[in-house]
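Heads up: the structure comes next, in structure tokens.
From a predicted model like this one, the values you see are computed outputs, not experimental measurements. Scope of the values below: all heavy atoms of this structure, side chains included, with no hydrogens, waters or symmetry mates.
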Amino acid sequence: MHVFLTGGTLDKHYNELNGELTFTETHMQAMLQQARMTVPYQVTQLMLKDSLEMTDTDRQCLAQACLDCTEQLMIVAHGTDTMVESAVVIAEQLQQTQQLNKVVVLFGAMLPFELSASDALFNLGTAVAAVQLAQPGVYITMNGQVFPFDQVQKNRAQGRFENTTSV
């Protein structure tokens with residue numbers, strides 16, 4: 001399994017002096033250790049950005065990393081605001097290049113990992129389980145659910161992800 005890091009809230013650091021959320025370094029190794037991960041994995045940090053600051057070039061870089069990955073199972077840590085947009089780009093690239101045997105699961109968090117009420121570790125665990133069980137394709141996992149990339153949206157008012165076929 002390959003884990004790609006793009007940033008997002010889960011990797012933000014709370015600056016106690018000014019109250020800002022910023023990126024200093026990834027929390028992924030700490031998350032994987034705390035989860036007591038036994039699934040073999042490799043981690044590649046592509047960027048540490050808020051997903052609202054991601055560009056089309058950033059999304060293409062992420063999609064290319066998925067295309068170039070020799071492993072079939074991939075997890076992408078991503079900010080929740082534009083996670084769906086990135087999933088669409090990845091799915092389109094996999095389709096265009098006929099790499100239809102890969103499983104890509106994007107996940108994120110509503111609160112940074114380092115905060116005690118964070119959902120980051122739970123969402124990581126769900127992503128690890130999903131990537132091993134899902135059929136080839138691109139998925140988003142949040143709030144204990146696994147969604148096909150083209151059937152999900154973020155409900156900003158309620159702070160959760162929902163299936164678009166039942167909304």
Thr22 vs His13, side chain to side chain donor-acceptor pair (under 3.5 Å): CA-CA, chis, key distance, verdict: CA-CA 5 Å; Thr22 60; His13 169 75; 5.8 Å; no
Should we say atom CG of Asp56 is surrounded by more than 12 heavy atoms from elsewhere, each under 6.0 Å from it? no
Just one of Leu32, Val128, Ile75, Leu73 clears the side chain to side chain contact (heavy atoms under 4.5 Å, CB included) bar with Tyr41, so which one? Leu32
Run Thr126 and Asn123 through side chain to side chain donor-acceptor pair (under 3.5 Å) and show every step you take. CA-CA 5 Å; Thr126 305; Asn123 291 335; 5.1 Å; no
What's in the same ILVMFWY side-chain cluster as Met142, cut-off under 4.5 Å, chained through other members?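 Same cluster as Met142: Phe4, Leu46, Met47, Met54, Leu62, Leu67, Met74, Val76, Met83, Val84, Val88, Ile90, Leu94, Val104, Leu106, Met110, Val138, Ile140, Phe147, Phe149, Val152, Phe161.
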Linked hydrophobic residues, Leu133 as query - side chain contacts closer than 4.5 Å: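 Once heavy-atom contacts under 4.5 Å are chained together, Leu133 still belongs with nothing else.
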Applying side chain to side chain donor-acceptor pair (under 3.5 Å) as the test, list every pair that has at least one member in [range]; sequence neighbours left out.
{"range": "residues 62-74", "answer": "His2-Glu71, Gln64-Asp68"}
{"range": "residues 88-98", "answer": "none"}
{"range": "residues 130-141", "answer": "none"}

Say whether Val39 and Phe107 are linked into one hydrophobic cluster, either directly or through other cluster members, by side-chain heavy-atom distances under 4.5 angstrom.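 Yes, it is one cluster - the side chains of Val39 and Phe107 are joined through contacts under 4.5 Å.
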Closest non-hydrogen atoms of Leu121 and Gln34, given as atom of the first, atom of the second and distance, are CD2-NE2, 3.4 Å
Could you go through Leu124 and Met28, starting from their C-alpha distance and side-chain angles, then the distance that decides it, and tell me whether this counts as side-chain contact (heavy atoms from CB on, under 4.5 Å)? CA-CA 9 Å; Leu124 170 62; Met28 187 55 64; 4.3 Å; yes
Got a sec, which residues hit side-chain contact (heavy atoms from CB on, under 4.5 Å) with Leu52, two or more places apart in sequence or on another chain?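 Asp50, Asp81, Thr82.
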